[in-house]
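Note that ligands are numbered from 1 as they come in the structure, with each ligand's atoms numbered from 1 the same way.
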Amino acid sequence: MSHVVYWRIISRKLVGLLCRHRILNGTLYPRPRLALDLLFALIKTTIMTIVLNPYWSNGFQGLRLAPQPPAQPKHGLVPPMFGPSIHEERTLAQLRSKQNNLEKYIFLSALKEQDAPLFYRLCLKYMSEITPLIYTPTVGDACQQWSHIYRRPEGMYVSIKDKGNIRAILENWPKPADARISVVTDGSRILGLGDLGVNGMGISVGKLSLYVAGAGIRPESTIPICLDLGTNTQTYLDDPLYLGLRQKRVSEKEMTEFMDEFMYEISRTFPKLLVQFEDFSTDRAFLYLDRYRKQYPVFNDDIQGTGAVVLSGFMNAAKLSSEASGLPLTSHRILFFGAGSAGVGVGMQLMSFFTLQGLPEQDARERIWLVDSQGLVFDTRGPMAEHKKYFSRRDYNGPPIKDLLEILQLVKPTALIGLSTTSNAFYPEVISTMAVLNPRPIIFPLSNPVRLSECTFEDAVKHSDGNVLFASGSPFPDTPHGGKTLYPGQGNNMYIFPGLGFAAILARVSSVTDSMVEASSLGLANSLTTEERSLGMLYPSISRIREISAFIAKEVIRTAQKEGVDRSTGLRAMNDAELLAFIDGKMWNP
Ligand SMILES: O=C([O-])CC(=O)C(=O)O
Ligand SMILES: [Mg+2]
């Protein structure tokens, strides 16, 4: 920070004081009080600017939190024709000239550091072009290469070696009072890419950029966190550039002790913080969500966020599918290919599709089948992981069946949902069988990133003769078919977490309930415009993300109020229009 900025702060304080002491508007003032106040303000401002300022305390290697554009340079220090809007175009042209997406990621990451408002303006203006560069799928490559492309710290690293001392580590965060949302990963299952250890930091950074762009959360309110509990990926352990601890992952017992301390200390250090768990390996994802969700404001994006976004797309798809087949909505049958945290999480969420239509829980559960790496999941198959038991079939006692085509013939699903991270699992015969079973088959290959998707949009269109109702986790291009353009849905949790998280922050919820997650899903499903519906879209256009997030946030806040978990009770008195205006007003605009 330059001295100019420092003196500007001091002079602003001075004007404030003069106003308070009624000097500027002519009233008398007690002289000794003013002198004391002035001295106090000078000391306080000096301490704040020198000691607490992240630019100074961390030097240029350190964190930059505040979204400052470069200070206005003096005359002669910029070219004569420099202007902000033309500079936006220049920056976009520089971005587009990069040879590959990882280079673009690195360029954008540097831009975020140098001129955060410009970075976010570009994100908002060119949402569909930039989202895949700062988030899925490119963020997957960035994570895999993290230790090689690393430039500077962008968040907090808390390691198992810090156990017993986590409070002190968290207190190093430069702006604790501003902290509102943290995305916390342990790097153990980043997208579908497996255990990336401390390289998982990229996913926390990417999600939080979308919180800022998509919901207008202030950049300095966000804390990306990567927990370093070791990694079981040998190539990283052998890589001299790897940035994490050189050790295998710790036991579940040790991790749980660490997590207990971490959650307790993070909630004490940042009392207004919402925690989003991200990309923990399956059992730990369920374990820690269950363990902390009643005690702290926390949600798991892969279980609940993905569940909500798929429920939303499914509601819109099921209506279109039922219109074509005449099948009642309650009779849909959903086959999950992949039974990890996302698969089972989505299954749980999709049950509410049926319970909302009036089916009892037992019947709703029976609308869902799971397939894992050993085939159909059923009770008499043998021992199975705890999280699969709920959907394990009691009504099938035959031999194990592994072949997906055979399973399709047995179950006759109306919807096939992929969360397996197995590319090409939905090969042409699978798609065409779905199209024979249903006039409008619902096929959602949700695995990330693109190259692990169970099928491409182009294949799904081709082998269903354009009848598929499609959503994927990663983005695919529009596809022409029969003289029309068909639009793939992107069933990615990026539609949900900005609005859900923003609501939780504004209402200062004590916990994130299932009904709030369901409300986010219904909010998303209802946010399509008439035009989007007429184009057969299952999700709204991502370029409207701010509007969508505001609408979702309103629905979630209302639900939090009904459930009595809101601590900002002042919002209860607002009518819907006032609440929406309040949410809009709270969004940061770059
Ligand atoms: O990050 C994404 O694109 C969606 C997600 O949470 C995951 O795949 O784990
Ligand atoms: Mg995730």
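Interface of Lys207 with ligand 1, defined as ligand atoms under 4.0 Å from a residue heavy atom, comprises 1 (O), 2 (C), 4 (C), 5 (C), 6 (O). Against a heavy-atom cut-off of under 4.0 Å, Tyr135 is close to the following atoms of ligand 1: 1 (O), 2 (C), 3 (O), 4 (C). Numbered from 1 in the order shown, with element, the atoms of ligand 1 that lie under 4.0 Å from a heavy atom of Glu278 read 6 (O). Near Thr136, the atoms of ligand 1 lying under 4.0 angstrom from a non-hydrogen atom of the residue are 1 (O), 2 (C), 3 (O). Close approach of ligand 1 to Asp302 is summarised as follows: ligand atoms under 4.0 Å from at least one heavy atom of the residue are 5 (C), 6 (O), 7 (C), 9 (O).
Both tests do not hold together for Arg293 against Phe299: distance to the six-membered ring centre under 6.0 Å, angle to the ring axis within 45°. The side-chain tip of Arg367 does not point at the ring of Phe353 from less than 6.0 angstrom away and within 45° of straight on.
Residues Lys163 and Glu261 are not paired through a salt bridge, judged by the lack of any N-O separation under 4.0 Å between the basic side chain and the carboxylate.
Contacts with ligand 1 closer than 4.0 Å are made by side-chain heavy atoms of Asn492 only, the backbone lying farther away. In Asp279, the part holding a heavy atom less than 4.0 Å from any atom of ligand 1 is the side chain. Residue contacts with ligand 1, taken as heavy atom pairs separated by less than 4.0 Å, involve Asn493 solely via side-chain atoms from C-beta onward.
Each of Gln276, Lys207, Gln304 was evaluated against Asn493; a single residue qualifies, Lys207, per the side chain to side chain donor-acceptor pair (under 3.5 Å) test. When Ile443, Thr414, Val468 are each tested for a side-chain contact (heavy atoms from CB on, under 4.5 Å) with Met434, only one passes: Ile443.
No side-chain donor-acceptor contact under 3.5 Å links Arg451 to the backbone of Ser423. Listed for the Ser221 side chain is no donor-acceptor partner under 3.5 Å among the backbone atoms of Arg180. A side-chain donor-acceptor contact under 3.5 Å links Ser267 to the backbone of Tyr264. With hydrogens and angles ignored, the 3.5 Å screen pairs a side-chain donor or acceptor of Asp279 with a backbone N or O of Leu191. Side-chain atoms of Ser321 do not come within 3.5 Å of backbone N or O of Ala318 as any donor-acceptor pair.
Within the protein, the number of N/O/S atoms found under 2.8 Å from the Mg ion (ligand 2) is 3.
Given atom 8 (O) of ligand 1, the protein heavy atom at minimum distance is Asn448 ND2, 2.8 Å. What sits closest to atom 9 (O) of ligand 1 on the protein, heavy atoms only, is Arg189 NH2, 2.6 Å.
Put simply, no part of Met494 is less than 4.0 Å from ligand 1, judged by heavy atoms.
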Under the salt bridge (charged side-chain N to carboxylate O under 4.0 Å, His left out) criterion, do Asp195 and Arg189 qualify, and how do the steps go? CA-CA 5 Å; Asp195 180 354; Arg189 193 238 75 201; over 6 Å; no

